[in-house]
Structures are given as C-alpha cells and as structure tokens.
Amino acid sequence: MNDGVKINRGLLGVYFERSGVSDIDGARGELSYRGYSIHDLAQNSTFEEVAYLLVYGELPTADELENFDAALKAAREIPEPVYDVIRLLKNGHPMDVLRTCVSALASLEPESAMAGEDAFIKSGLRLTSQVPVVIAAHEAIRNGREPVEPDRSMSHAANWLWMLKGERPSENAAKLADVDFVLHAEHGANASSFAARVTVGTEAAMHGAIVTALSTLAGPAHGGAAEDVMKMVREIGTPENAAAYVKSMRKARLPVTGFGHRVYKTEDPRARHMREGVRKLGREKGAPKWYEILQAVVQAMKPYARHGLNVNVDFYSGVIYQLHDIPEDLFVPIFAIGRMPGWVIQCVEQKRRNILIRPLTLYDGPEPRVYVPLKDR
C-alpha cells in the first residue's frame, strides 16, 4: 500500500497539459477564448468567427471569414446511408442517434481516416456542419416529416433553426441561437473535451474522438442542466411560487438546478448574455412568464450566493429552447452543436503534442493471497 500518495478524485485541481485555447478564472468569473473576453465575443462576433478563432488562433479577416464560412456551408450535407441509419433508429434518443451517425460518417467518408493535421482539422470542421443536419433530420423523421434541406444562404445558427422548424427564424431568434453557440463553443478541460483528448491520445481519428465526446456529454452530470432547469421552471409554475420552492429545496438539502459550477465561484460569465436573450425572446413569443419565474428564482437564491451558488449558463438556455418549442431531449444535442469547435481544437492540440493519457489508480484491494484451485474452494 502507498498510504502517502495523494488522491485527487476526479482529477480535481490537476493540470495534465498546457493549452492556448480558453482561459477560465473561476474565482473572478471570467472566461476568454484565445485571449478575447467572452463578453466581447458574445456581443460582437458570430459563431463562425469564433469557430475560426478557436481553430486557427486569430480572429479572421473579411476574406478569411468568407472562405471559412463557405467551407462550412458546403459541408452541410450527409450521405444518403446516414439518413437510412436515422430512419432505422428514429425512436432512439437524439444523442444516441447522433453518436451512431458520427460513427457511420467515419465509415462513409474515407478521408476521415487521413492522418495529417490539415485533414484532421478538415474532418472536424465538416462534422461541425454535419452535426446540426443530423439532429434536425432525426427530429423531422421521428415526427413523420421529410428532413428540411439546408439553406446555404443562412448563417450556421439561422440554418439550424430553419432545418429544425422548416420556417425562417426571426433576426432576434437567429442572433440568440448564435450567441448560445458562441457561449458554449469552448470551456477548457471539461469532461467531454478531456475524454476526446484521451481518445486522440491513442492516435484515433477525429470522428472517434467526437463519438467519445458525445458519449460523455450525454451524461446528465455534464450536459443535462438545461433540461433539468426547464423541468424545475414548470414545477414552480408562477413567479410567486419561486421563493417557497427554493426554501423547500434548501431545507431538504437538494440542489437548485442551474446554480453552482465545478469551476466558477461567482456568476458564470456566460449567463448574463443568455439572461437578456430570454427576456427579449419571451416577449417576442408572447411568453414572458418563463423569464419572470427564472428571475424570481435568482432573487430567492441570493442569500446562498456567498456559498458559491450562483447562476450558470444553462440556467437560461433551457428556457430559450422551450420558447422555440424545442423538445427537451434535444437540449443536450444543441449543446453539442455549439461545442463542436472546442472539441475540434482540443483534439488538434492533443494531436500536436500527443502523448498517451494514462493516469494511475492507487490499489486498495486485498493483500497478496495464496491461489486456491477450483476443486478446493
């Protein structure tokens, strides 16, 4: 036994690598991508710009953005056999269907196995465009409709809503979806990004790493907060019930969904941008009560802020999706749409300085024992 070994369960506080992508200051509640504040990016940049920044390290020039955007739009298609897979699995959970389709794409697109960095990045960016196509196609097929063809005149976010709903989104709705993707695009060594890096560490291809990331994101402890917030809001029902709900949850020592974060000790810096979006979209959709309930919960939770229980980004995301009449089982797949560039660049960084990620576990089982043959047991 090595009783002197310190165990950092969950690898809490352990630095396993250097990264030049995102910087998170949990104590101050700050987040930046490649040195740019998340606030500046959320207010001034598009998802396409942010994806370029994450993958290539700099904000694009007008020409670079035009070429990058054209490449993303050109990749908004999936092979017909993938539609067959979706039809076969139409009754499955959207995350299961998405994960299976990414695996299928690895088999159907031979270039996905190419080993060079350029091909590796190209595979990741192609998947960035294909993931929303798969999700929207599944939503259509499971409801007895034909999938909506992508519209290459629309932005990444607007086209997602178009494929999902079959109607052109309002400018405000498209902008809010875009901001949502920007805010979720990258977040350091979170569970799914770390899992993807572990996969790349074995010299696996990009598709395999994204399958790993999707599998990890599907776990409710990682990607399920937005869905749980919407369930909470429905349970509360009216703003007047929020204080009593919070009091009962705290008395029972149960968590209030959407508060607290593994990293942030103050308010999640991404939350403020979603808060205003919920207010505006709620007014546009004629459903302001959802925003009012959320704010009543925030007010009721203020006494607990000193304990690090502050609003996180998913507190508002679920209500935004609800206002779009998006089914709750699509909330986590939407998270995946936004996170794709972050997964891609985390995988690229791992590939550039690759090393097999192989931590240790401290054995605490039985002491050495004498083997007893089966006939004598």
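Position 1 is the first residue of the sequence; numbering continues from there.
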Partners meeting side-chain hydrogen bond (donor to acceptor under 3.5 Å, both in side chains) with Arg142 (sequence neighbours left out): Glu139, Asp329

Leu176 backbone acceptor or donor facing Lys280 side chain under 3.5 Å: no

Which atom of Cys101 lies closest to which atom of Ile86, heavy atoms considered: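 Closest approach of Cys101 to Ile86: SG-CG1, 3.6 Å.
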
Arg145 backbone acceptor or donor facing Asn143 side chain under 3.5 Å: no

Residue pair Thr238 / Asn241, side-chain donor-acceptor N/O under 3.5 Å: yes

Qualifying residues under ring-ring contact (aromatic ring centres under 6.0 Å, His included), relative to Phe120, sequence neighbours excluded: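 With sequence neighbours excluded, Phe120 shows a ring-ring contact (aromatic ring centres under 6.0 Å, His included) to no residue whatsoever.
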
Counterpart residues, salt bridge (Lys or Arg N to Asp or Glu O under 4.0 Å), relative to Arg352 (two or more places apart):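 Glu117.
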
Lys/Arg N to Asp/Glu carboxylate O, Arg34 vs Glu186, below 4.0 Å: no

Greater than 12 external heavy atoms within 6.0 Å of Arg377's CZ: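 Count over threshold, so yes.
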
All pairs passing ring pair (Phe, Tyr, Trp, His ring centres under 6.0 Å) where residues 266-300 contributes a residue, at least two apart: His39-His273

Pair listing, side-chain hydrogen bond (donor to acceptor under 3.5 Å, both in side chains) test, anchored in residues 66-75, at least two apart: Asp69-Lys73

Lys289 to Gly237 - nearest heavy-atom pair and separation: NZ-O, 3.8 Å

Within the 6.0 Å centroid threshold, strictly below: Phe259 and Tyr304: no

Polar side-chain atom of Ser193 near backbone of Ala189 as donor-acceptor pair, under 3.5 Å: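 Flag not set: sc Ser193 to bb Ala189 has no pair under 3.5 Å.
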
Linked, directly or transitively: Phe68 and Leu54 (ILVMFWY side chains, under 4.5 Å): yes

side-chain contact (heavy atoms from CB on, under 4.5 Å) partners for Asp376, two or more places apart: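 Result, side-chain contact (heavy atoms from CB on, under 4.5 Å) vs Asp376: Val372, Pro373.
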
Minimum heavy-atom distance between Val256 and Met249, given as atom pair plus value: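 Looks like CG2-CB, 4.0 Å.
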
Just distance, no hydrogens or angles: give the donor-acceptor pairs under 3.5 Å from side chains in residues 154-163, sequence neighbours left out.
from   : atom 1 : to     : atom 2 : distance (Å)
Ser155 : OG     : Ala158 : N      : 3.1
Asn159 : OD1    : Asp151 : N      : 2.7
Trp162 : NE1    : Glu149 : O      : 3.0

Glu349 bridged to Arg18 by N-O distance under 4.0 Å: no

Within residues 200-217 or reaching into it, pairs that qualify as side-chain hydrogen bond (donor to acceptor under 3.5 Å, both in side chains) - sequence neighbours excluded: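 Those involving residues 200-217 are Thr199-Thr212.
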
Heavy-atom closest pair, residues Pro341 and Thr128: N-OG1, 4.4 Å

Shortest non-hydrogen separation from Leu214 to Met95 and the atoms involved: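 Looks like O-CE, 3.3 Å.
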
Residues that Tyr245 engages under ring-ring contact (aromatic ring centres under 6.0 Å, His included), provided they are two or more places apart: none

All ring-ring contact (aromatic ring centres under 6.0 Å, His included) counterparts of His93, not counting sequence neighbours: none

Nearest atoms (heavy-atom pairs only) where Val313 meets Ser317: O-OG, 3.2 Å

Those residues that, when tested against Pro288, pass side-chain contact (heavy atoms from CB on, under 4.5 Å) (two or more places apart): Glu292

Residue list, salt bridge (Lys or Arg N to Asp or Glu O under 4.0 Å) with Arg250, at least two apart or on another chain: none

Side-chain donor-acceptor pair present, Glu17, Gln346, cut-off under 3.5 Å: no

Residue from Val85, Leu98, Val211 passing side-chain contact (heavy atoms from CB on, under 4.5 Å) with Ser103: Val211

Side chains of Ser192 and Asn190, donor plus acceptor under 3.5 Å: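 The criterion, which ignores hydrogens and geometry beyond distance, is satisfied for Asn190 and Ser192.
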
Pair Arg275-Gln295, side-chain donor/acceptor within less than 3.5 Å: no

More than 12 heavy atoms from other groups under 6.0 Å of NZ on Lys285: yes

